[in-house]
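Report on one structure; see the data block that follows.
Numbering of residues begins at 1 and proceeds along the displayed sequence.
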Amino acid sequence: MNSSLNAARRSRELAEAGDLVVDVLVVGLGATGAGAALDAASRGLSVAAIDAHDLAFGTSRWSSKMIHGGLRYLAKGQVKVAHESAVERGLLLRHTAPHLVRAQPYLLPLTPAVSGGQAATVMTGYRLGDGLRMAARTPRRLLPGPARISAGRALSLAAPLSPNGLRGALLSWDGRLVDDARLVVALARTAASRGARILTRCRALELAGDGARVRDELTGSTFAIRARTVVNATGVWAAQLDPDIRMRPSRGTHLVLRPETLPGLRAGLHVPIPGESNRFALVLPQSDGRVYVGLTDEPVEGPVPDVPQAPEEDVAFLLDVLNSVLGVPLGRQDVAGTYAGLRPLLAAGGRTADLSREHALLTSGSGVVTVVGGKLTTYRRMAEDAVDRVVALGRLGAGGSRTARLPLIGAGAGAVQEAGAVPDRLRARYGSEAGDVRALMAEDPALAEPLPTGITRAELVWAVRHEGALDVDDLLDRRTRIGLVPEDRAAALPAARAALAY
């Protein structure tokens with residue numbers, strides 16, 4: 001079946017939705033929800049998946065973009081979560097999304113603030129992390145091992161570091177995404193290619209084990225979707241559909257720096273947070289030249305907002321941590337944008353930074369299965385477990401999960417074979433479909449015009465035709481990340497409007 005998502009397909013499938021009884025209804029189209037839709041559809045089950053907003057509207061677009069092996073959790077004794085993370089990282093690198101996930105080097109600068117004992121402890125942790133890589137059978141050619149490097153080598157990889165007192169750095173490797181929202185789009189489109197109905201702008205007003213009452217947010221009309229089983233994958237908003245669930249979300253804040261702000265930064269940085277033994281700020285250069293700096297881990301009280309905001313105290317805190325290792329300190333004026341995301345943690349005692357990232361499945365009295373907790377790296381396993389649960393509850397007769405070896409859209413052989421014919425930037429975002437995006441530019445040279453971050457007008461048109469983008473927010477804030485910097489967003493707005501009418 002065609003993998004393209006667009007307004008015409010949405011209208012057609014929305015018109016059919018009220019007349020069907022699907023095997024699985026998934027509510028929420030972040031990574032876990034889109035992953036559940038794919039898992040169920042790949043088992044041959046009929047699937048409808050809805051979201052009140054857009055693909056990756058919630059937490060799944062606000063991550064640090066890391067696909068990591070769980071070293072932090074190993075340090076806390078959470079061996080199961082750590083091993084699961086390493087396994088899932090390996091699957092993404094090797095099988096399911098090698099075009100979107102790759103190895104990233106990180107440096108922990110050995111400044112005067114890092115004692116020899118601390119450095120030895122961290123390096124022991126890195127070696128344990130490499131042990132997780134081996135246990136997960138991820139080859140070293142995909143994920144190199146850790147090493148201690150000289151100050152000169154460290155400065156060649158991260159020129160903005162202060163050379164004063166620098167004894168070298170600890171070099172480690174982990175996975176990273178070119179873009180977390182693009183992973184969700186690939187999941188949703190792959191599910192659609194297996195027959196899943198992917199319906200954005202459809203809000204679940206009421207949820208039960210046999211379906212949902214839904215409102216089309218574009219027209220205001222309400223209708224019912226009937227289902228044999230239901231998965232609630234709405235993350236931090238899960239309690240809005242099941243009041244028995246108790247969440248304790250935490251906020252992670254990131255700064256967005258323009259490309260020229262930290263010139264010569266070729267590796268990511270782990271910057272120790274003062275007074276913390278196992279927490280680091282992350283500095284991650286992006287393929288578009290921007291740099292993201294995060295994250296804090298603060299509890300969030302009160303109602304959960306649709307779009308979290310980054311408090312100024314978080315911004316100041318991150319700047320202070322970052323400046324502790326830079327030769328030339330940055331000020332608030334150097335921060336071009338910010339974003340914040342909420343982690344869907346189950347309520348428990350202690351600091352949110354210390355709560356387990358192990359996911360949980362909760363079944364309501366009416367039979368709705370809610371999947372909460374976890375993290376982006378383990379989305380596939382969370383989805384698999386949720387579908388296993390509803391298959392058993394609904395006696396659906398489907399076999400086991402097939403997603404561990406199922407390539408996502410774009411992960412085909414063309415992703416490698418296009419070398420030389422298509423710019424590297426396009427291959428990194430579209431994989432085997434990069435040539436199709438390039439072909440749009442050949443048809444209309446005006447579509448080759450670059451926008452802020454290097455995104456072309458052709459990519460906006462592609463997002464409307466094939467990736468389910470329905471408005472300018474979808475285009476600028478999720479299919480691309482132009483919107484993270486307000487000035488860039490304003491500059492690209494006319495092109496986004498033109499793409500919708502193209």
- [ ] Apply side chain to side chain contact (heavy atoms under 4.5 Å, CB included) to the pair Leu295 and Arg343, showing each step before the final yes or no.
- [x] CA-CA 12 Å; Leu295 54 101; Arg343 298 181 184 86; 2.3 Å; yes
Open item on the list: Could you tell me if the side chain of Tyr502 sits less than 4.5 Å from the side chain of Val464, heavy atoms only?
Closed with: no
Task: Cation-pi geometry met for Arg425 and Tyr430 (6.0 Å, 45°) - done: no
Open item on the list: Any heavy-atom pair between the side chains of Leu170 and Leu110 that's under 4.5 Å?
Closed with: yes
Task: Check: Asp288/Thr453 side-chain N/O donor and acceptor closer than 3.5 Å - done: no
Open item on the list: Between Arg189 and Glu433, does any side-chain N to carboxylate O distance fall below 4.0 Å?
Closed with: yes
Open item on the list: Can you tell me how the ring of Trp462 sits relative to the ring of His466, calling it parallel under 30°, perpendicular over 60° and tilted otherwise?
Closed with: tilted
- [ ] Give a yes or no answer on whether the side chain of Thr32 reaches the backbone of Ala383 with a donor-acceptor pair at less than 3.5 Å.
- [x] no
Open item on the list: If we ignore hydrogens and angles and just use 3.5 Å, is the side chain of Asp314 paired with the main-chain N or O of Ala310 as donor and acceptor?
Closed with: no
Task: Test item: Arg182 side-chain N/O and Arg429 main-chain N/O as donor-acceptor pair under 3.5 Å - done: yes
Task: 4.5 Å side-chain heavy-atom contact, Phe317 and Ile273 - done: yes
Open item on the list: If the threshold is 4.0 Å, N to carboxylate O, is there a salt bridge linking Arg61 and Asp179?
Closed with: no
Open item on the list: Taking Gly117's backbone N and O only, do any of them form a donor-acceptor pair with Thr121's side chain (distance below 3.5 Å, no angle check)?
Closed with: yes
Task: Pair Glu88 + Arg380: basic N to acidic O under 4.0 Å - done: yes
Open item on the list: To the closest 0.5 Å, what do you measure between OG (Ser172) and OH (Tyr106)?
Closed with: 8.0 Å
TODO: Return the minimal non-hydrogen interatomic distance between His53 and Asp51, and the atom names on each side.
DONE: N-OD1, 2.7 Å
- [ ] Using a strict cut-off of less than 4.0 Å between a Lys/Arg side-chain nitrogen and an Asp/Glu carboxylate oxygen, indicate whether Glu217 and Arg215 qualify as a salt bridge.
- [x] yes
Task: Leu282 CG to Arg279 CZ distance, which is reported to the nearest 0.5 Å - done: 12.5 Å
Open item on the list: Would you compute the distance between atom CG of Leu484 and atom CH2 of Trp62 and round it to the nearest 0.5 angstrom?
Closed with: 6.0 Å
Open item on the list: With a sphere of 6.0 Å drawn around CZ of Arg102, does it hold more than 12 non-hydrogen atoms of other residues, nucleotides or ligands?
Closed with: yes
Task: Worked verdict on Ile198 versus Leu29 for side chain to side chain contact (heavy atoms under 4.5 Å, CB included) - done: CA-CA 9 Å; Ile198 306 296; Leu29 280 167; 3.8 Å; yes
Open item on the list: Could you check whether Arg290 makes a cation-pi contact with Tyr292, meaning its NZ or CZ is under 6.0 Å from the centre of the six-membered ring and within 45° of the ring axis?
Closed with: no
Task: Flag, side chain of Ser63 to backbone of Ser60, donor-acceptor distance under 3.5 Å - done: no
- [ ] Calculate, to the nearest 0.5 Å, the distance between atoms OG1 and CG belonging to Thr96 and Leu187 respectively.
- [x] 8.0 Å
Open item on the list: Using every non-hydrogen atom in the two residues, find where Gly235 and Val372 come nearest and quote the distance to one decimal.
Closed with: O-CG1, 4.4 Å
Open item on the list: To check you understand the geometry: which heavy-atom pair defines the closest contact between Ser250 and Val300, and what is its length?
Closed with: C-CG2, 4.0 Å
- [ ] Identify the two heavy atoms, one from Ala204 and one from Val27, that lie closest to each other, and give their separation to 0.1 Å.
- [x] CB-CG1, 4.0 Å
Task: Pairwise side-chain contact, Trp173 with Gln104, heavy-atom cut-off 4.5 Å (strictly under) - done: no
Open item on the list: Looking at Asp477 and Arg481, is any side-chain nitrogen of the basic one under 4.0 Å from a carboxylate oxygen of the acidic one?
Closed with: no
Open item on the list: Please determine whether a side-chain nitrogen of the Lys or Arg among Lys80 and Glu84 lies less than 4.0 Å from a carboxylate oxygen of the Asp or Glu.
Closed with: no
Open item on the list: Show the nearest heavy-atom pair for residues Ala239 and Met247, with the distance to one decimal.
Closed with: CB-CG, 4.5 Å
Open item on the list: Do Val114 and Pro109 make a side-chain contact, defined as non-hydrogen atoms from C-beta onward lying under 4.5 Å apart?
Closed with: no
Open item on the list: Evaluate Asp242 against Leu207 for side chain to side chain contact (heavy atoms under 4.5 Å, CB included), listing each step before the verdict.
Closed with: CA-CA 8 Å; Asp242 185 348; Leu207 201 60; over 6 Å; no
- [ ] Output yes when Asp471 and Arg201 qualify as a salt bridge under the 4.0 Å nitrogen-oxygen rule, no when they do not.
- [x] yes
Task: Donor-acceptor under 3.5 Å (Thr378 side chain, Gly374 main chain) - done: no
Open item on the list: Under the salt bridge (charged side-chain N to carboxylate O under 4.0 Å, His left out) definition, can you give me all pairs with a residue in residues 331-340, not counting sequence neighbours?
Closed with: Glu312-Arg332
Task: Sub-4.5 Å side-chain heavy-atom contact between Asp306 and Trp237 - done: yes
Task: Expected output: side-chain Thr59 to main-chain Leu342 donor-acceptor under 3.5 Å - done: yes
Open item on the list: To check you understand the geometry: which heavy-atom pair defines the closest contact between Val321 and Pro272, and what is its length?
Closed with: CG1-O, 4.0 Å
Open item on the list: What I want to find out is whether Arg457 reaches Glu449 closely enough, with some N-O distance under 4.0 Å, to be called a salt bridge.
Closed with: yes
Open item on the list: Please determine whether a side-chain nitrogen of the Lys or Arg among Arg258 and Asp488 lies less than 4.0 Å from a carboxylate oxygen of the Asp or Glu.
Closed with: yes
Open item on the list: Taking the side chain as everything from C-beta on, heavy atoms only, tell me whether Val256 gets closer than 4.5 Å to Val485.
Closed with: yes
Open item on the list: When you measure from the side chain of Gln309 to the backbone of Val307, do you find a donor-acceptor pair of N or O atoms at a distance under 3.5 Å?
Closed with: yes
Task: Non-neighbouring partners of Arg133 that pass salt bridge (Lys or Arg N to Asp or Glu O under 4.0 Å), sequence neighbours left out - done: Asp130
Task: Distance-only polar pair, side chains of Gln286 and Arg176, donor-acceptor under 3.5 Å - done: yes
Task: Spacing of Leu326 atom CG and Leu262 atom CG [to the nearest 0.5 Å] - done: 6.0 Å
TODO: Check whether any side-chain heavy atom of Leu108 sits under 4.5 Å from a side-chain heavy atom of Met123, and report yes or no.
DONE: no
Open item on the list: Treating Ser150 as the side-chain partner and Arg153 as the backbone partner, does any N or O pair qualify as donor plus acceptor under 3.5 Å?
Closed with: yes
Task: Atom pair CZ/CG of Arg497 and Leu475 - distance to nearest 0.5 Å - done: 11.5 Å
Open item on the list: One pair to check against side chain to side chain contact (heavy atoms under 4.5 Å, CB included): Gln240 and Thr234. What are the steps and the verdict?
Closed with: CA-CA 9 Å; Gln240 295 179 9; Thr234 53; over 6 Å; no
Open item on the list: Please enumerate all residues that pass salt bridge (Lys or Arg N to Asp or Glu O under 4.0 Å) together with Arg479, with sequence neighbours excluded.
Closed with: Asp54
- [ ] Using atom types as modelled and distance alone, determine if a side-chain donor or acceptor of Thr377 lies under 3.5 Å from a backbone N or O of His68.
- [x] yes
